[in-house]
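Have a look at the structure below, then the notes.
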Amino acid sequence: MSNEPKKKRVAALISGRGSNMASLIEAARAPDYPAEIALVLSNRPDAAGLAFARAQEIKSVALDHKAYVNRADFERAMQAVLVEERIDLVCLAGFMRLLTAEFVEAWQGKMLNIHPALLPSYKGLHTHERALADGVKIHGCTVHYVATDMDAGPIIAQAAVPVLDADTPDTLGARVLAREHAIYPHALRLAAEGALRIENGRVLGGGDSEGFLMAPAI
Ligand code: GAR
């Protein structure tokens, strides 16, 4: 028997492209990474990320939400797969379905989400368009524990990027996405190691994450 601590079994939940899922899969290849991506689950059978995960020989399941009579029924099906696969942690990675309070509570402190904005600013959709429209000079992304309110919950990690004069939603989104791919594996590592604790809504124990901060040159 090995004395190595057992890796946490992680499910990545996706709805589309799956680039954040891919960044987690890549990171989890490192022998010292404390988690393995044991399952990819999509609510859309045509999600491009499913093909990538299958090519990596990761167990991949599509549960088409449209085939279920309601949200709770769909979530029961998801929960059955998560339990069957002995999942310890869930990573929402571009999973575009709202979750019921019941499902969120079942995974309290064990479900992470990545959002393409510096929460609590710009919850919801079209974050890059809205940041540009507001003229903010700094934008970014957030990994947080999932709470029952949408795009809320204790923040694990954030990365900031500059907003440049020539930016379009696409160029700004690409700059943010590159940082998403760095902070999500970082945040999952901290969560899987058991390094984090939540006190009064704040995540503590994440250590120094200065490496993710962008300071404008003045
Ligand atoms: C990512 O930018 C992620 O932050 C965002 O969807 C994109 C998915 O891309 N998530 C949300 O907006 C959730 N509120 P990906 O499929 O390539 O990871």
Side-chain angles (χ1 to χ4, degrees), residues 10-28 35 37 39-56 58 60-65 71 75 78 89-101 103-104 107 111-134 136 138-161 163 167-188 191 212 214:
V10 173
L13 270 51
I14 66 169
S15 298
R17 177 178 57 182
S19 71
N20 277 292
M21 168 210 74
S23 77
L24 297 177
I25 292 171
E26 293 292 330
I37 311 306
L39 173 71
V40 171
L41 203 156
S42 174
N43 66 308
R44 299 185 61 110
D46 59 351
L50 278 176
F52 179 88
R54 287 192 183 117
Q56 311 289 310
I58 292 171
S60 305
V61 175
L63 294 177
D64 187 348
H65 65 271
R71 211 174 278 280
E75 289 178 354
M78 280 208 303
L89 292 168
V90 171
C91 285
L92 305 181
F95 185 71
M96 304 311 255
R97 295 294 297 166
L98 291 175
L99 297 166
T100 65
F103 187 85
V104 170
W107 288 94
M111 181 156 60
L112 284 62
N113 180 45
I114 184 138
H115 183 72
L118 291 173
L119 292 174
S121 292
Y122 306 117
K123 297 176 178 182
L125 299 175
H126 309 299
T127 55
H128 313 311
E129 284 87 339
R130 288 156 58 208
L132 281 173
D134 283 347
V136 298
I138 294 178
H139 187 42
C141 50
T142 303
V143 180
H144 63 97
Y145 283 116
V146 176
T148 45
D149 289 344
M150 185 191 68
D151 296 330
I155 291 170
I156 301 171
Q158 294 186 299
V161 303
V163 180
D167 268 335
T168 64
D170 283 352
T171 60
L172 180 57
R175 192 173 308 118
V176 171
L177 189 66
R179 304 318 294 153
E180 293 185 38
H181 296 162
I183 62 165
Y184 212 173
H186 171 73
L188 175 59
F212 294 113
M214 182 282 312

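Every heavy atom of this structure was used, including side-chain atoms; hydrogens, water molecules and symmetry mates were not. In listed order, ligands and their atoms are each counted from 1.
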Note to self: side chain to side chain contact (heavy atoms under 4.5 Å, CB included) for Ser23 and Glu180? Distances and angles first, verdict last.
What the structure shows: CA-CA 9 Å; Ser23 77; Glu180 293 185 38; over 6 Å; no

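In terms of modelled atom types and a separation under 3.5 Å, the side chain of His144 and the main chain of Ala152 share a donor-acceptor contact. Judged purely by atom type and a 3.5 angstrom limit, Thr142 has no side-chain atom pairing as donor or acceptor with the backbone of Gln158. Side-chain N or O atoms of Ser42 include none that pairs as donor or acceptor with a backbone N or O of Ala47 at under 3.5 Å. Under a 3.5 Å cut-off, the side chain of Thr148 and the backbone N or O of Ala101 do not form any donor-acceptor pair.
For the salt bridge (Lys or Arg N to Asp or Glu O under 4.0 Å) condition, the pairs that include at least one residue of residues 13-26, sequence neighbours left out, are Glu26-Arg29.
Within 4.0 Å of ligand 1, heavy atoms belong to protein residues Arg17, Gly18, Ser19, Asn20, Gly94, Met96, Ile114, His115, Pro116, Asp151, Leu177, Glu180.
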